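When reading the values below, keep in mind they use all heavy atoms of this one structure, side chains included, and skip hydrogens, waters and symmetry mates. Proteins get letters first, then strands, A, B, ... in listed order; numbering begins at 1 in each. Keep in mind that what you see is a predicted model, and the values were worked out from it rather than measured.
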Amino acid sequence: MSLERLNEKQRRAAMQVEGPLLILAGAGSGKTSTMTERIAYMIEQGIPSYHILAVTFTNKAAGEMRSRVEELVGRCDDMWIMTFHAMCLRMLRYNCEVIGYDHNFVIYDGTDQKTIVKNILKEQGINDKEFSAPYLLSIISDYKEKAVSADEYRDAVEDNYKTKVIYSVFKAYEDELKKNNAMDFDDLLLNTVRLFEQDEAILLRYQRKFQYIMVDEYQDTNHIQYKLIKMLAEGHHNLCVVGDDDQCIYQWRGADIRNILDFEKDFPEAKVIKLEQNYRSVGNILAAAHSVIENNRGRKGKKLWTDREDGDKIKYYRADTEKDEARYVAQEIDLLKGRDKKYSDFAILYRTNAQSRHFEEALTQRDIPYRVLSGLRYYDRKEIKDMMAYMRLVVNPYDDLSLRRVINEPKRGMGDKSVEKIQGFANVRGESLLQALSDEEVLDTLPGKAYSGVKNMVECINLCRDERDNLRVSDIYDNLLVKTGYMKALEDANTVEAEGRIENLMEFKSVIYDYEEQADKPNIEEFMEKITLMAEVDNHDANQDAVVLMTMHSAKGLEFPVVFLPGLEDGLFPGHKAFDSSDKMEEERRLCYVGMTRAKETLILCSASVRTLYGRTEYTRESQFLRELDKRLLDGDAVYVRKTRDSGLGVSTGSFDGFAAKESPKPYDSLRYAKAATKANASAGDEEFAVGDKVRHAKFGEGLIIDQDGKTLTVIFDAAGQKKMAKGIAPLKKL
DNA sequence: CGGCCTCAGATTTTT
DNA sequence: TCTGAGGCCG
């Protein structure tokens, strides 16, 4: 039996299949192995795979679990291993008529939500300084996560000016989504709960189907997810939740740590198994992390242990400035790299994305390759959102939101006034904007400049829709990109920024190709759905040998031989807001714990005594977490004792800063170089070109290279004229 | 309609 | 200090 790869506790967890089970899995305790082996064990015991449901938070986690399960037991397509949202979407697609939605409902993402709330604010004449759209949305989302509707909100809260405003926006927001046959991410969960409440037969059907349920990262579930799982598990009580209360770092967006703390109250017959043996980190790192986390109250109280050696002590460096800090980190990487390390063995984990900049500069100076996992989500990029809007219109001609987004993108001379005019016609005719614009009569009312551009666009979208069964998704994409004039506008702009956008659009196309390859029956509807539920496209190939920079939040679930935690200063980490409440402070402390436990062999902490934040330069105090850390585990000088720096770093702040200023490249450039390097490694098509080479472009045909610089080639095409293209991205072949 | 300028605001982020 | 959003003018 495969279970022999597990330790005794893990095996007990894997074999405890019946009844409620809480697995408290500490950092690095082999959680994923345990879960996958558990599923494999169930299959071996003869439980049909369609009776099993495994829920995760991210697509990545779901994908990983599925592939590891399939390694053990072979393909099992009828097993539901997916995210909460994907699970709800799937159930709602079949049943949403029950709660008054059309089968073809669409999903609105965060940007769509913001647009809608902004429109509501404008309509209702609400001062958006007093009530900003993001603020209102966060409140609305908070309530939706607690399964509270707008009307229930009104009945529950005190009646005053503020709650009146929130109610009216909340209500209008609900109505607007319903009108557009759209759901936001919260609705996917909320409406599934409503569906179950409204139609018991459907709930019973799913209870009968999902006889064995597992939930990953249970400490991060919010109320509605909890409710959903509870409803599903009610029938049979075979519910296994896996999590670590010490790693709950998402309370600020609704995760309710009580879900995991109170599991035994919810299911009194629950068994609890703690996985405390850590296979990841050396002893000193675990001890250090423990000395910090034990300052939290209300824990389930686990203590990780390892049979590995103690390892090096924790290093700590108190830098002068953030630049000094970054230089120290870069230097240390060079030093350690000299021994037995690869660049990809290093991670720099910071509290805020803004901190990445100095590290990028310092790494560039030392020619250390790196990649930044930025907070900007893939679908948040403007050009991707624009193309998505075009594609949505192909699927759903009623989507006024998307049409408004792209009607003047690229510029077609359609300002607000013209759009409102068309909206007027559409309202009278009871049609959507796109439908109205499909009529020559309406189109004719537009000024000459707008007329031809809009007509072109509308024809292109409608054509793609009519032909969508005959066209590949990538064909539709190409068509939209070119015929709407979007690509041309970017090419004409001829700026670095536009080039980057073209790059992203090409990347998006490779996402489409991937989808077409992997899907059974590729179609644009399914593709759009997949993309909407996908956060960051996993385009960062882990094979690339580069130092990784990211926030501690994004590092959850990952591990690295060497981890740097910079910026350990009160006000930055823990962030200044943490000093208002002990709840916030405890969450920051858990984040610190997550950060520290990412390290396998070496953990290096630093802080800067002077930091410039938001243009304000201030002296800092060393982080409370440093003060909590067991000093005996610190290498060399304890906290509060200045270390003298190597001569290589310069002696005084002045000379060092001067040096840094002279040498540092523009941060934007360094980012681009890093990206370009990633690309070059990833794509096979990075041929070397020289001026005078004849080339063939996939779209523009044959041409001649007349100029090149760091990242672009200038090509004259026989048919299409002169173009600038991005090296390694543009589909060019040497002839 | 579009470009430029001024002003506020500024953790963490999956789906 | 930097970025994004909104207002104003050409």
Trainee: Across the strands shown, which category fits A/Met414 at heavy-atom distances under 4.0 angstrom: base, sugar-phosphate, nothing?
Mentor: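 Sugar-phosphate contact only - A/Met414 comes under 4.0 Å of backbone atoms but never of a base.
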Trainee: With a 4.0 Å cut-off on N to O distance, would you call A/Glu174 and A/Lys144 a salt bridge?
Mentor: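 Salt bridge: no.
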Trainee: Mind calculating the distance between CZ (A/Phe573) and P (B/dT12) to the nearest angstrom?
Mentor: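 So the two atoms are 13 Å apart, to the nearest Å.
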Trainee: Would you mind reading off the distance between A/Tyr135 atom OH and C/dA5 atom P, rounded to a whole angstrom?
Mentor: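 Going from OH in A/Tyr135 over to P in C/dA5 covers 20 Å.
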Trainee: Among B/dG2, B/dT15, C/dA5, which nucleotide has an atom closest to any side-chain atom of A/Lys118?
Mentor: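 Output: C/dA5.
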Trainee: Quick one: label A/Asp220 by what it contacts on the DNA or RNA (base, sugar-phosphate, nothing), any heavy atom closer than 4.0 Å.
Mentor: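 Answer is nothing: A/Asp220 stays at 4.0 Å or more from every strand.
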Trainee: Can you check the A/Leu572 CG to B/dT12 P distance for me, whole Å?
Mentor: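 Going from A/Leu572 (CG) to B/dT12 (P), I get 10 Å.
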Trainee: Taking the six-membered ring of A/Tyr226 as reference, does the cationic atom of A/Arg258 (NZ for Lys, CZ for Arg) lie under 6.0 Å from its centre and within 45° of its axis?
Mentor: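 So A/Arg258 doesn't make the cation-pi contact.
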Trainee: Tell me what A/Thr612 touches on the nucleic acid: a base, only sugar-phosphate, or nothing, going by heavy atoms under 4.0 Å.
Mentor: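 The residue A/Thr612 makes no contact with any strand.
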Trainee: In whole angstrom, give the distance that lies between atom CD of A/Glu409 and atom C1' of B/dG2.
Mentor: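 So the two atoms are 12 Å apart, to the nearest Å.
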Trainee: Any side-chain to backbone donor/acceptor pair from A/Glu588 onto A/Lys584? Under 3.5 Å, distance only.
Mentor: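 No, A/Glu588 side chain to A/Lys584 backbone: no donor-acceptor pair under 3.5 Å.
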Trainee: Does the Lys NZ or Arg CZ of A/Lys530 fall within the cation-pi geometry relative to A/Phe527 - under 6.0 Å from the ring centre and within 45° of the axis?
Mentor: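 No; the conditions do not both hold, so A/Lys530 does not lie above the ring face of A/Phe527.
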Trainee: Please state whether the phosphate of B/dT14, meaning OP1 or OP2, lies under 4.0 angstrom from any side-chain nitrogen or oxygen of A/Asn59.
Mentor: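 Checking A/Asn59 against B/dT14: no side-chain N or O falls below 4.0 Å of OP1 or OP2.
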Trainee: With respect to the phosphate group of B/dG2, does any side-chain polar atom (N or O) of A/Asn408 fall under 4.0 Å of OP1 or OP2?
Mentor: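 Yes, A/Asn408 has a side-chain N/O under 4.0 Å of OP1/OP2 on B/dG2.
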Trainee: Hey, is A/Arg611 close enough to A/Glu325 for a salt bridge, meaning N to O under 4.0 Å?
Mentor: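 Looking at A/Arg611 and A/Glu325, the cut-off is met.
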Trainee: Give each protein N/O atom lying under 3.5 Å from an N/O atom of nucleotides 9-11 of chain B, with the pair distance.
Mentor:
residue: B/dT11; atom: OP1; partner: A/Tyr614; partner atom: OH; Å: 2.5

Trainee: Decide, yes or no, whether a salt bridge links A/Lys556 with A/Glu217 under the criterion of side-chain N to carboxylate O below 4.0 Å.
Mentor: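 A salt bridge is present here (some side-chain N lies under 4.0 Å from a carboxylate O).
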Trainee: Calculate the interatomic distance between A/Leu373 atom CG and B/dT13 atom C1'; express it in whole Å.
Mentor: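 These atoms are roughly 13 Å apart.
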Trainee: Within this structure, what is the OH-to-P distance between A/Tyr250 and B/dT13, rounded to whole angstrom?
Mentor: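 Value for this atom pair: 6 Å.
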Trainee: Checking contacts here: which listed nucleotide (B/dT13, C/dT3, B/dG2) is nearest the side-chain heavy atoms of A/Arg357?
Mentor: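 Ranking B/dT13, C/dT3, B/dG2 by closest atom to the A/Arg357 side chain puts C/dT3 first.
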Trainee: Do A/Arg253 and A/Tyr250 form a cation-pi contact, if we require the NZ or CZ to be under 6.0 Å from the six-membered ring centre and within 45 degrees of the ring's axis?
Mentor: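 Yes, cation above the ring, under 6.0 Å and within 45°.
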Trainee: Choosing from B/dT12, B/dT15, B/dG2, which nucleotide comes nearest the side chain of A/Lys411?
Mentor: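 Nearest listed nucleotide: B/dG2.
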Trainee: Starting at CG of A/Asp187 and ending at C1' of B/dT14, how long is that distance when rounded to a whole Å?
Mentor: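 A/Asp187 atom CG is separated from B/dT14 atom C1' by 16 Å.
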Trainee: From C/dT3, B/dT13, B/dG2, pick the nucleotide closest to the side chain of A/Thr551?
Mentor: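 Ranking C/dT3, B/dT13, B/dG2 by closest atom to the A/Thr551 side chain puts B/dT13 first.
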Trainee: Do A/Phe185 and the base of B/dT14 stack face to face, with centres under 5.5 Å apart and an angle between planes under 30°?
Mentor: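 Stack criterion not met.
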Trainee: So A/Trp252 and A/His553, would you call those rings parallel, tilted or perpendicular, with 30° and 60° as cut-offs?
Mentor: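 Plane angle over 60°, so perpendicular.
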Trainee: In whole Å, I'd like the distance from the CG atom of A/Asp216 to the P atom of B/dT14.
Mentor: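 It is 16 Å, rounded to the nearest whole Å.
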Trainee: Taking the minimum atom-to-atom distance to the side chain of A/Arg253, which one of B/dT13, B/dT15, C/dC2 wins?
Mentor: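 Among the listed nucleotides, the one closest to the side chain of A/Arg253 is B/dT13.
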Trainee: Please compare A/Leu591 and A/Phe84 by the position of their nearest nucleotide in DNA chain B and report the one closer to 5'.
Mentor: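 So the residue in question is A/Leu591.
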